[in-house]
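Please find one structure pasted underneath; my questions will follow.
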Amino acid sequence: MFTFVPLLLLPLVFGYDWGGYVYEEDLLYDHFPGDFKWGCATAAYQIEGAWDEDGKGVSIWDNFVRIPGNIIDGTTGDVACDSYHKYKEDVQLMANMGLKSYRFSIAWTRILPNGIGERNQAGIDYYKNLIAELKANNIEPAVTLYHWDLPQALEDMGGWLNDSVADWFEEYARVCFEEFGDEVKLWITLNEPHETTIQGYGTGTMAPGKHGLGTLVYIASTNLIRAHAYAYRAYHADFANQNGQVGITLNVGWAEPMDPTNETHIEAAETNIQFNLGWFAHAIYKNGKYPDVMRQKIDEKSYLQGLPESRLPQFTEEDSLIIEGAHDFLGINFYSSNLVYPEISDIEDISYYADQDLAAPQSEDWYGSGSSWLKVTPFGIRRILNWAAKEYGDVDIYITENGFSDRQGNIDDLQRIYYYKHYLNQMLKAIVLDGVSVKGYYAWSLMDNMEWAMGYTEKFGMHAVNMSSPDRERTPKESSKWYGRLIAENGYVESVSPCF
Ligand code: GOI
């Protein structure tokens, strides 16, 4: 005993070894904070269906899925999981797991069919009913205002490329605060603006399918950040009495230096995180500006490319002040990691990826999933949480998405349990051993759903959904039971089950 206790304290004295990583670490048997918010997440277009019911307007996704080649299996979200009609059943699935919170998104086109202007009462009622059902089951709503389904009417005016989009979004946000703010205390303005711009306006792999990987992406990013900040300021100016919190959800992979002893690899990994998380977080959580490394690299490359001005816009001084500090918490969607090393790109290559001057492959040794980009890297979640806490100060953090895909949709989903078991234990270490302020966690996803360009081929659900039946029956997978038990114990208890 006398030698045992000091040995346990060694990591606290010398700190966690951040150089290199252990793929599968020993579990920490401990508990999460008592008020920890356990949840599942979904998004409107991926689960609701009812794409043209009850006065809903047309979104960019309603159109994008109809262009042949855009969705790998030729499917749409017209019906999806039919949650528009089956929301009460969905809430029962959540209650069965003992969820404390549910993160869902509002379809902008159900509230304002044309994006701005006239309200649609039937759409508003749907969300009021869903929220009432959640509350009746002691589940707190956490609402995303925008999960990629822009009203087509606004896209017709340029969408996220039009500077006015920040005002349009503020108008929509105000309607939601007014209609739902008495019941909703956790607001997420935008989901993954990185993907809205990279895939929507860069690679064209998502709606609205525009191509401008080194140009349009930076115009859209600037307007996305402005839109978030305008909505945040509107809330605190006119809805502060509702006493809720407003934040944004950003996606980032952990960037592990390929060689952790090589200074240039460490620097490239840092650059990669600044281009991913920092692109959107730096202005909001630090100083109203894009990260220095983005400013330097993109300004210099733009000049060498003979362009009259930098491809990376500057925020106006007025906007800078509005953006800086526009947050009550930080939402992070975390799934996977990359190994990063420096690689100078061709100056002719006008691209967000070339702008970074690095390569970011994934290790062949890491377990895979049903998605090409998703490798199992539990160590990454603890590292990115520590990175964010160090970079942005002691901000409240929510993991607003984390999850694992397969292509079988099998009920005995042991691989998914392995993923959650080790990622959640790494999150526990970040909280208990490193002191990071993680307040909640949302598993992606409550059920298998419309996985965007991958259609229904990649399944992330803790519940299976029978997509060939008109009733879209849900079946709990083993992972939903594992998660329910973790929530009930609020931590890892060695004796409860072999899976702990
Ligand atoms: C969330 O995004 C989202 O919020 C949910 O709605 C969604 O359902 C859920 O996650 C699950 O996906 C060209 C290896 C360039 C590395 C081609 C392989 C980049 C990187 C193809 C394959 C893949 C989750 C796109 C966050 C974007 C998908 C971030 C997950 C990037 C590529 C790749 C490529 C690859 N990511 N997204 N990527």
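Order of appearance sets the numbers: ligands from 1, and atoms from 1 within every ligand.
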Looking only at protein heavy atoms, which one is nearest to atom 9 (C) of ligand 1, and how far off is it? Tyr335 OH, 3.4 Å

Testing Arg311, Arg295, Lys301, Lys297 for salt bridge (Lys or Arg N to Asp or Glu O under 4.0 Å) with Asp355, which one passes? Arg311

I need the contact type for Glu401 against ligand 1. Using non-hydrogen atoms and a strict under-4.0 Å cut-off, is it side chain, backbone, both or neither? side chain

Proximal ligand 1 atoms for Gln199, defined as those under 4.0 Å from one of its heavy atoms: 25 (C), 27 (C)

To which protein heavy atom is atom 15 (C) of ligand 1 closest, and what is the distance rounded to 0.1 Å? Tyr353 OH, 4.0 Å

Looking at atom 16 (C) of ligand 1, what's its closest protein heavy atom, distance included? Trp373 CB, 3.7 Å

Tell me the protein heavy atom at minimum distance from atom 7 (C) of ligand 1, and give that distance in Å. Glu451 OE1, 3.6 Å

Could you tell me whether Gln46 approaches ligand 1 through its side chain, its backbone, both or neither, with non-hydrogen atoms closer than 4.0 Å? side chain

Salt bridge Asp413-Lys459, side-chain N to carboxylate O under 4.0 Å: no

Ion pair present between Glu155 and Lys210, side-chain N to carboxylate O less than 4.0 angstrom? yes

Any protein heavy atom under 4.0 Å from atom 34 (C) of ligand 1? no

of all protein heavy atoms, closest to atom 21 (C) of ligand 1 is Ser372 OG, 4.3 Å

Indicate yes or no for a side-chain donor-acceptor contact from Tyr419 to the backbone of Gly403 under 3.5 Å, with no hydrogens or angles considered. yes

Is it possible for you to check whether Arg110 lies under 6.0 Å from the centre of the six-membered ring of Tyr84, through NZ or CZ, and within 45° of that ring's axis? yes

Would you find more than 12 non-hydrogen atoms of other residues, nucleotides or ligands less than 6.0 Å from Tyr21 atom OH? yes

Answer with side chain, backbone, both or neither: which part of Thr203 has a heavy atom less than 4.0 angstrom from an atom of ligand 1? neither

Contact (N/O only, under 3.5 Å) between Glu192 and ligand 1: yes

Would you call Glu140 and Lys100 a salt bridge, using N to O less than 4.0 angstrom? no

Taking atom 13 (C) of ligand 1 as the reference point, report whether a protein heavy atom occurs under 4.0 Å from it. no

Does Lys128 NZ have over 12 foreign heavy atoms under 6.0 Å away? yes

With a 4.0 Å cut-off on heavy atoms, is Ala43 touching ligand 1? no

Are Tyr352 and Trp279 an aromatic pair by the rule of ring centers under 6.0 Å? yes

So for His194, does at least one of its heavy atoms come nearer than 4.0 angstrom to any atom of ligand 1? no

Using a cut-off of 6.0 Å, state whether more than 12 heavy atoms not belonging to Gln245 lie near its atom CD. yes

Considering both backbone and side-chain atoms of Asn338, is one of its nitrogen or oxygen atoms within less than 3.5 Å of a nitrogen or oxygen in ligand 1? no

Just to check, does Lys375 reach to within less than 4.0 Å of ligand 1 when the distance is taken from its heavy atoms? no

Please check: side-chain N/O of Asn276 versus main-chain N/O of Asn272, any donor-acceptor pairing under 3.5 Å? yes

For ligand 1, is there an N or O atom under 3.5 Å from any N or O atom of Gln362? no

Which atoms of ligand 1 sit under 4.0 Å from any heavy atom of Phe460? 11 (C), 12 (O)

Numbered in order shown, the ligand 1 atoms found under 4.0 Å of a heavy atom of Trp452 are 5 (C), 6 (O), 7 (C), 8 (O)

Between Lys477 and Asp448, is the closest basic N to carboxylate O distance under 4.0 Å? yes

On the ring face of Trp51, is Arg66 found with NZ or CZ under 6.0 Å from the centre and within 45° of the axis? yes

Per-atom contacts of ligand 1 with Glu195, taking only distances under 4.0 Å to non-hydrogen atoms: 27 (C), 29 (C)

Enumerate the atoms of ligand 1 whose separation from the nearest heavy atom of Asn251 is less than 4.0 angstrom. 26 (C), 29 (C)

Numbering as shown, the atoms of ligand 1 that approach Asn191 to under 4.0 Å (heavy-atom distance): 4 (O)

